[in-house]
Chemist: 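Structure incoming, see below.
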Amino acid sequence: MVEDGGKEAAILFVSSKTKMVKNIQQSMRETKQEVKDGSKVNSGLFASCSFSSLGLDPKLSDQLKERMGFEAPTLVQAQSIPVILSGRDVLVNAATGTGKTIAYLAPIIHHLQGYSPKVDRSHGTFALVIVPTRELCLQVYETLEKLLHRFHWIVPGYVMGGEKKPKEKARLRKGISILIATPGRLLDHLKNTASFVHKNLRWVIFDEADCILELGYGKEIEQIIKLLGSGQNEEGETDDIVPKGVQKQNLLLSATLNDKVNDLAKLSLDNPVMIGLDNSKLQQNLSLPSPASVDPDGDDMIIHVNKSANPSSEDYGIPSQLVQKYVRVPCGARLVALLSVLKNLFEREASQKVVVFFSTRDAVDFHYSLLSQFQWPPNSETEGEETKQLFLKCKTFRLHGSMEQEDRRSAFGTFKTEKQALLLSTDVAARGLDFPKVRCIIQYDCPGEATEYVHRVGRTARIGEKGEALLFLQPIEIDYLKELKKHGASLTEYPLLKVLDKFPLVSNMPRIKKVISLESHPWVISLQRALESCTYAEPKMKNLAKNAFVSWVRGYAAHKGELKSIFVVKKLHLGHVAKSFALREQPSLVGKSHHKESMKEEERRTPKRATS
Ligand SMILES: Nc1ncnc2c1ncn2[C@@H]1O[C@H](COP(=O)(O)OP(=O)(O)OP(=O)(O)O)[C@@H](O)[C@H]1O
């Protein structure tokens, strides 16, 4: 929701004199005026032009509007589409949930549908979209399928880790016009699938570019770029279908950028147009040539997207309507606090979706099992008490990189369509995933880098919708708020005690007149006891808790750089950490049984395996 007319938005520096840029300027002025009039709520997000006015084919514009229900392009789409249509390389940096996927897919489809003779399977792949995770791969593919509804001769496809290679080879042999891929599997096919035709390749897109590199795919990407070749499509190399002399076009997109993107940009972009980047960011974050020096003819452009109407969330483009809170909880009360917050959320509004982020796969597994069987109230055998029910009545899903591919696919797909559900996930769900109607994001374990905070919270408040984000912090971790503030994220405190006070006391709860600390709250004491009983009722559950404890501590010790001074493992009270996994005593961190598990965890933590 926009509070005011937004800060001075739009185009600060545009040296190109094309008509297209003037149209964009005009459209943004109109949008600003509409905000002043109060006639547009989501200013800063939508442009006041139509898809067809951006130069897209009428059938494609119609598909976007009539079939997909997109009334108007978002600002980032209004600014990117004409530039991408023009053939320039582009680096797009715009907030999460602002429609970057359509921004790059629509211009590609526009060009491909216009080829004469018509594109067919024998031409192989024209466009390649590289994404960091399997789920994002499937999601982009789904969007592509919808966009291609009226262009059945353009074939969409995907290849990704976890899928059966022979089947993928067969699909590639038949021919895929627009291919979505995760890096490892793509490289595999480039090297080993002789029937993969890519001589007509015209576009390479790196979606979530910084994440691809953060996950350690730098080497693969270098090899991919080498194998694909770059620059102009040579005569004789391509089929006649690709217009002669057409340059290969590369696009990089992300809501956050880092130094590594600099290298990828240098490697893959030729005189790019920057969308959503300001000069200081260019100089500080990306040591690309300064715009003034790139092209003396004045053909280069920086187009500024008004990423947010809220200046405080400007740095990383956090959606301005997102309500950001933190909850300060002592370690031993973390689990009780999490369950209480969730119960409160679902009781307040039954029909909603919530995502909780954990730092490890073992933590996801433990909490998933616990929530799937933990019942309440604990003493329902007593006469007059209500009968036992699941503590949380909503459907619960889990998602992480060690799950079987089919389970991953089913969790992702079903959570998407559910109206009321809870997803427990590692960062595998943090990037790019578009789950409709997610109302709240809970970061139970701290994300580490501030960029990851931004992507995690970006799973809510998408495309102008409302959303809340809640970050769990122990009192010893409170300095993390300063780290977030450096990047423009300001959080207010969540009233945990008030929420706990709302829960009715059941008969065996201790009656305490004055609650002096969270841990002495009768609700906290009773819930903790009940959770521990649940964990100790089954050896399997206890083992899950122990494994989760061990990998959590290891994960805590793995924080990097400046964050090491905030997340100090020596400051942790391990007994309290154990309590947060519903354990009555602290498991050994070095015991024989855990050594094997720790080794496995180490292996699992290899980022590539976590996602693709
Ligand atoms: N012009 C539009 N009008 C309304 N909805 C749109 C429009 N364009 C895209 N959307 C929808 O907005 C949602 C977010 O789009 P998308 O996933 O492309 O965002 P993103 O900017 O890539 O986000 P992230 O940075 O998190 O990956 C999707 O559900 C998409 O269908």
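Numbering of ligands and ligand atoms starts at 1, following listing order. Side chains are part of it too, since the values below use all heavy atoms of this structure and drop only hydrogens, waters and symmetry mates. Residue numbers count from 1 along this sequence.
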Chemist: Looking at atom 17 (O) of ligand 1, what's its closest protein heavy atom, distance included?
Modeler: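 Nearest protein contact, heavy atoms only, for atom 17 (O) of ligand 1 is Arg462 NH2, 2.9 Å.
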Chemist: Would you say the side chain of Thr182 lies within less than 4.5 Å of the side chain of Ile130, judging by non-hydrogen atoms?
Modeler: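 They are not in side-chain contact.
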Chemist: Would Ala72 count as a contact residue for ligand 1, given that I'm defining contact as a non-hydrogen atom of the residue lying under 4.0 Å from a ligand atom?
Modeler: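 The answer is yes, since Ala72 has a heavy atom less than 4.0 Å from ligand 1.
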Chemist: If you measure from each non-hydrogen atom of Phe435 to ligand 1, which part falls under 4.0 Å: side chain, backbone, both or neither?
Modeler: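 No part of Phe435 is near ligand 1 at this cut-off.
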Chemist: So, regarding Ala255 and ligand 1 (criterion: nitrogen or oxygen to nitrogen or oxygen, under 3.5 Å), is there a contact or not?
Modeler: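 No, no N or O pair falls under 3.5 Å.
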Chemist: Just say parallel, tilted or perpendicular for the rings of Phe51 and Phe70, cut-offs at 30° and 60°.
Modeler: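 Because their plane-to-plane angle lies in the 30° to 60° range, the rings of Phe51 and Phe70 count as tilted.
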Chemist: Heavy-atom distance under 4.5 Å between the side chains of Ser50 and Ser61, does that happen here?
Modeler: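 No. Closest side-chain heavy atoms not under 4.5 Å.
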Chemist: Using a 6.0 Å distance limit plus a 45 degree cone around the ring axis, check whether Arg202 lies over the aromatic ring of Phe126.
Modeler: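 No.
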Chemist: Could you identify the single nearest non-hydrogen protein atom to atom 23 (O) of ligand 1 and state the distance to 0.1 Å?
Modeler: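 I find the closest protein heavy atom is Gly97 N, 2.8 Å.
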Chemist: Heavy atoms only, cut-off 4.0 Å: how does Lys100 contact ligand 1, side chain, backbone, both, or neither?
Modeler: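 Within the 4.0 Å criterion, Lys100 contacts ligand 1 through backbone and side-chain atoms alike.
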Chemist: Only heavy atoms of Thr98, strictly under 4.0 Å: list the atoms of ligand 1 that pass.
Modeler: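 Reading through ligand 1 atom by atom, the close ones are 19 (O), 20 (P), 21 (O).
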Chemist: For Ile463, which part has a heavy atom under 4.0 Å from ligand 1: side chain, backbone, both, or neither?
Modeler: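 It is the side chain that gets close, since no backbone atom is under 4.0 Å.
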Chemist: Tell me the contacting part of Arg431 for ligand 1: side chain, backbone, both, or neither, using a 4.0 Å heavy-atom threshold, strictly below.
Modeler: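 The answer is neither; Arg431 stays 4.0 Å or more away.
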Chemist: Is any side-chain heavy atom of Leu148 closer than 4.5 Å to one of Pro156?
Modeler: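 Yes, close enough: below the 4.5 Å cut-off.
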Chemist: Which residue owns the protein heavy atom closest to atom 30 (C) of ligand 1, what's the atom, and how far is it?
Modeler: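 Of every protein heavy atom, Phe70 CZ, 4.1 Å lies nearest to atom 30 (C) of ligand 1.
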Chemist: Near Phe51, which atoms of ligand 1 are under 4.0 Å from a heavy atom of that residue?
Modeler: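 By the 4.0 Å cutoff, the relevant atoms are 1 (N).
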Chemist: Would you mind listing which atoms of ligand 1 come within a distance below 4.0 Å of any non-hydrogen atom of Glu208?
Modeler: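 Numbered from 1, ligand 1 contributes 24 (P), 25 (O), 27 (O).
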Chemist: Does Arg459 approach ligand 1 within less than 4.0 angstrom via side chain, backbone, both or neither, non-hydrogen atoms only?
Modeler: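 The answer is the side chain.
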Chemist: Under 4.0 Å from ligand 1, counting heavy atoms only, is it the side chain of Glu71, its backbone, both or neither?
Modeler: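 Neither part.
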Chemist: To which protein heavy atom is atom 18 (O) of ligand 1 closest, and what is the distance rounded to 0.1 Å?
Modeler: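 Here the closest protein heavy atom is Thr101 OG1, 2.6 Å.
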Chemist: Can you confirm, on distance only, whether ligand 1 has an N/O atom lying under 3.5 Å from any N/O atom belonging to Gly99?
Modeler: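 Yes - when backbone and side-chain N and O of Gly99 are compared with those of ligand 1, one distance drops under 3.5 Å.
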Chemist: For the SG atom of Cys394 and the CZ atom of Phe346, what is their distance to the nearest 0.5 Å?
Modeler: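 Answer for the SG-CZ pair, Cys394 versus Phe346, is 3.5 Å.
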Chemist: If you take the nearest heavy atom of each of Leu105, Leu64, Thr143, Asp434, which one is closest to atom 29 (O) of ligand 1?
Modeler: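 It is Asp434 that holds the nearest heavy atom.
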Chemist: Excluding sequence neighbours, so at least two apart, what forms side-chain hydrogen bond (donor to acceptor under 3.5 Å, both in side chains) with His111?
Modeler: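 His111 satisfies side-chain hydrogen bond (donor to acceptor under 3.5 Å, both in side chains) with no other residue.
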Chemist: Atom 3 (N) of ligand 1: which protein heavy atom is closest, and how many Å away?
Modeler: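 Result: Phe46 CE2, 3.4 Å.
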Chemist: Think Lys353 forms a cation-pi with Phe415, using NZ or CZ under 6.0 Å from the six-ring centre and within 45 degrees of its axis?
Modeler: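 Judged by the rule (NZ or CZ under 6.0 Å from the ring centre, within 45° of its axis), Lys353 counts as positioned above Phe415.
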Chemist: Among all protein heavy atoms in this structure, tell me which lies nearest to atom 9 (C) of ligand 1, with the distance rounded to 0.1 Å.
Modeler: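 Atom 9 (C) of ligand 1 sits closest to the protein heavy atom Gln77 NE2, 3.5 Å.
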Chemist: Can you list every salt bridge (Lys or Arg N to Asp or Glu O under 4.0 Å) pair that touches residues 429-456, not counting sequence neighbours?
Modeler: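 Applying salt bridge (Lys or Arg N to Asp or Glu O under 4.0 Å) to every pair that reaches into residues 429-456, excluding sequence neighbours, yields Glu208-Arg431, Asp210-Arg431, Arg334-Asp445, Glu349-Arg439, Asp427-Arg456, Arg431-Glu452, Asp434-Arg462, Lys437-Glu465, Arg439-Glu468.
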